[in-house]
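Comments concern the structure below.
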Amino acid sequence: MTPHAPSTVATRKQALELRKTLKPLVEKRRRARINDSLLQLKTLILPLVGKEKCRYSKLEKADILEMTVRFLTDIPATPTKGSTDSYREGYTACLQRVSALLPHTGLDREAGLRVNEFMQRAMLSGSPACQHCCGRSASVAPQTQQRLRNLQAANAPRSEIRASVSAPVSGAPVWRPW
């Protein structure tokens with residue numbers, strides 16, 4: 001046998017005894033947490049179901065759980081929004097935010113008016129104008145890129161026009177409408 005064998009056996013015995021003494025304490029804490037949570041649940045559920053706290057001071061745990069389940073089952077389900085509605089709401093909120101920030105961008109008046117008109121049409125139409133241009137159809141992407149180049153060219157000084165029409169240089173910032 002190795003010289004460490006007796007200490008290993010002793011260590012295992014100590015660990016086993018420690019587990020035996022800790023297990024009841026851990027179980028006691030677990031039961032206390034359950035009881036505290038059930039007490040909180042009782043104080044929350046009684047007013048919601050129209051019961052008086054003083055008349056129901058002694059309720060079994062199963063009764064508290066049953067009352068809670070009944071109450072939650074009776075709550076009418078709220079309709080969830082579809083992904084299209086959620087997208088449309090987010091798109092509209094984004095357009096409103098951009099519209100509010102547009103005057104602070106430094107665009108000239110004419111370009112600002114064109115962008116604002118586009119956004120107003122998009123919000124009024126109810127369907128996002130760019131919903132189908134972002135990667136859904138390869139034939140639409142070049143048209144969108146050309147429109148962006150035209151908008152950039154209309155607003156950029158003459159020295160920047162050549163740079164914006166050419167292919168973007170690696171690492172150079174690319175203007176995106178979103």
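Below, all heavy atoms of this structure are taken into account, side chains as well, without hydrogens, waters or symmetry copies.
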Report yes or no: do Leu16 and Val9 belong to one cluster of Ile/Leu/Val/Met/Phe/Trp/Tyr joined by side chain heavy-atom distances under 4.5 Å?
-> no
In one Ile/Leu/Val/Met/Phe/Trp/Tyr side-chain cluster, 4.5 Å: Leu44, Val69 = no
In terms of heavy-atom contacts, Thr21 and Pro24 come closest through O-CD, 3.4 Å
Rounded to the nearest 0.5 Å, what's the gap from CD1 on Ile45 to CD on Glu66? Could you check?
-> 12.5 Å
Going by heavy atoms in the side chains, are Val26 and Arg30 under 4.5 Å from each other?
-> no
Give the cluster check for Leu39 versus Leu65: same hydrophobic cluster or not, with ILVMFWY residues linked at side-chain heavy-atom distances below 4.5 Å.
-> no
So does Glu27 have more than 12 non-hydrogen atoms from other groups sitting under 6.0 Å from CD?
-> yes
Can you check whether Lys61 reaches Asn35 side chain to side chain, under 4.5 Å on heavy atoms?
-> yes
Out of curiosity, does Leu41 fall in the hydrophobic cluster containing Val49 (side-chain heavy atoms, cut-off under 4.5 Å, transitive links)?
-> yes
Between CZ on residue Arg33 and CG on residue Asp36, distance to nearest 0.5 Å | 9.5 Å
Find the distance between NZ (Lys42) and NZ (Lys58) and round it off to the nearest 0.5 Å.
-> 8.0 Å
Pick from Thr43, Thr68, Ile64: which one makes a side-chain contact (heavy atoms from CB on, under 4.5 Å) with Leu38?
-> Ile64
Please list, chain by chain and in numerical order, all residues satisfying salt bridge (Lys or Arg N to Asp or Glu O under 4.0 Å) with Arg29, sequence neighbours excluded.
-> none
Heavy atoms only: give me the nearest Met67-Leu46 pair and the separation to one decimal.
-> CE-CD2, 3.6 Å
